[in-house]
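A quick write-up on the structure given underneath.
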Amino acid sequence: MYNLSQSVTWNKLQQLAEKTEDQRISDAFVEDPQRFEKMSLRLDGLFLDYSKNLVSEEVLAALMQLAEHSPLRQRRAQMFTGDIINVTENRPVLHTALRNRSADPVEVNGRDVMPEIRASLDKLKIFSDKVRSGEWLGYSGKRIRDVVNIGIGGSDLGPNMVCRALLEHRHPQLRIHFVSNVDGQHINKVLSSLKPETTLFIVSTKTFSTQETLLNANSAKSWFLQQAVAGDVAKHFVAVSTNQAAAMEFGIKRENIFEFWAWVGGRYSLWSSIGLPIALSIGYDGFIELLEGAYEMDQHFLNAPLEQNMPVIMALVGIWYINFLGAETQAVIPYDQALHQLPAFLQQLDMESNGKSVDMEGQPIDYATGSIVWGQTGSNGQHAFFQLLHQGTRFVPIDFIASLHSDEKAAEHHFALLTNMLAQANAFMVGDTSADTKTHASCPGNRPSNIILMDEMSPKNLGALIALYEHKVFVQGAIWNINSFDQWGVQLGKRLATEISANIKHSSTDYDPSTQGLMSIVRQHLATTTKTKS
Ligand code: F6P
């Protein structure tokens with residue numbers, strides 16, 4: 001039985017980690033003046049500089065060996081082929097098929113699914129063209145001006161992040177809004193500025209059973225029916241779901257349901273009809289460019305040698321930090337305000353995929369897995385948490401991301417943005433330990449980072465960037481031998497929320513004293529507010 005943490009290579013990496021104590025990244029550049037050229041990769045409009053990492057060629061070689069001895073190659077082939085690698089839900093994992101731009105078939109249960117994927121894209125095109133052109137009219141005969149996507153998790157974070165990132169490419173007369181939180185403030189704030197006659201709602205939910213989304217969708221319908229009639233719902237509500245029956249029961253016409261499939265994970269679904277808000281915002285052609293960028297990264301991930309493979313490199317360097325240098329978190333700091341929602345998207349992608357503690361065989365594992373992903377845009381982070389990163393006691397690897405090109409109107413701002421990012425990555429590495437620096441001002445440096453430069457914020461480059469992180473997460477999961485595609489941990493909270501909301505109206509000893517006490521406080525508050533209202 002292969003036990004990763006007992007393997008020869010794992011032990012070798014543990015020994016190498018002990019030597020790292022005395023190594024400085026900046027010295028490595030002196031020892032090898034070609035380090036930057038050797039430790040950077042380009043794929044079309046994406047450039048990765050991983051030379052500022054705390055890794056030697058010896059460490060990289062050992063990490064590559066870890067990858068070679070892992071299920072990575074086999075599982076990568078199985079994923080793209082459509083084998084059932086999501087073993088606990090008995091499903092294939094085929095978000096890559098959604099952006100397959102080749103003529104090659106992809107089979108699920110012996111059937112080529114590419115025809116239905118293409119049909120779903122055709123449906124997306126027809127509908128998004130109609131709304132964007134003004135052909136699709138609301139109940140009062142006016143074109144749609146506002147689209148409200150109602151969804152949460154993967155039915156929100158991906159399309160939301162992409163629409164924000166590509167705001168420069170948006171339709172000038174169509175505003176896309178996103179409602180996700182069950183907190184009524186979220187939907188009420190969005191609806192307060194909208195008119196039912198010119199608003200289109202997209203109810204995005206893979207299962208059509210998520211409490212937050214259903215409550216928000218029903219509140220949206222109530223708001224809508226204050227000024228419209230039931231017969232008008234069809235013109236203003238569409239759904240994106242795998243659960244057609246539930247969507248129709250909600251009142252959405254069959255032809256207004258954009259389907260996708262169980263073999264697309266929620267956090268990997270923006271390439272499916274869940275990406276409808278994206279197509280509405282940037283147009284169908286822009287959405288296809290996004291898919292093309294991801295497809296290009298897929299081909300790179302599939303075909304590039306592991307040593308020249310962007311997702312593999314980022315995954316292995318991450319494993320080195322997590323499993324051998326004790327990093328518990330990974331900071332993602334986009335020096336690009338358009339990417340301010342990227343850290344939140346990557347939190348679900350990484351932490352819901354690799355936040356696991358049993359292996360593919362259901363056995364407990366004895367090594368760390370997914371790290372805590374967090375972040376904020378630069379340069380804001382410099383005035384918030386960079387102090388801890390520079391002088392704190394924590395070891396926090398950083399991914400910096402920026403676009404080279406910017407809108408000419410903001411050239412001076414963009415110059416400041418880029419130079420700040422380069423300065424920070426340099427400062428984290430070299431620090432400032434000069435003799436005349438008082439201890440309280442001394443920065444130890446030797447704090448590693450990846451730098452990802454996109455030529456420009458285009459749908460194609462963004463698609464490649466997202467797929468890069470998807471495959472990084474995949475590689476780490478394969479090496480850790482965990483199932484990155486289920487999420488059983490979120491079911492307990494969902495179940496208990498349903499139970500507590502049903503039980504809160506009467507005292508119950510089914511819960512711990514804290515929960516009982518809190519339920520009693522809420523119950524009393526509810527009783528008071530109900531009495532006041534009556
Ligand atoms: O967080 C649990 C989860 O199931 C995510 O995986 C998913 O993206 C989200 O909830 C929303 O699920 P649905 O799209 O089915 O409403």
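Just so you know, ligand 1 is whichever comes first in the structure, and atom 1 is the first atom listed for that ligand.
- D44 is listed as a side-chain neighbour of K460, based on a closest heavy-atom distance under 4.5 Å.
- Of the protein's non-hydrogen atoms, G154 N, 2.7 Å is the one closest to atom 8 (O) of ligand 1.
- For Y139 and H236, the ring centers sit closer than 6.0 Å to each other.
- No more than 12 heavy atoms of other residues, nucleotides or ligands sit less than 6.0 Å from atom CG of N109.
- Of the N or O atoms in Q348, one or more lie within a sub-3.5 Å distance of an N or O in ligand 1.
- Residue E212 places no heavy atom under 4.0 Å from ligand 1.
- For the pair K221 and F250, the cation-pi criterion (under 6.0 Å, within 45° of the ring axis) is fulfilled.
- Scanning E352, Q491, K206 for the heavy atom closest to atom 6 (O) of ligand 1 points to E352.
- Near V490, meaning under 4.0 Å from one of its heavy atoms, ligand 1 places the atoms 2 (C).
- With a 4.0 Å heavy-atom cut-off, ligand 1 is reached by the side chain of K494 but not by its N, CA, C or O.
- Counting protein heavy atoms only, atom 14 (O) of ligand 1 is closest to S155 OG, 2.6 Å.
- For atom 9 (C) of ligand 1, the candidate residues are I150, L157, I152, T207; the nearest heavy-atom contact is made by I152.
- Scanning the protein for heavy atoms near atom 12 (O) of ligand 1, the closest one is T210 OG1, 3.5 Å.
- A salt bridge links K253 to E255: at least one charged side-chain nitrogen sits closer than 4.0 Å to a carboxylate oxygen.
- Using a 3.5 Å distance cut-off with no hydrogens or angles, the side chains of D146 and H177 do pair a donor with an acceptor.
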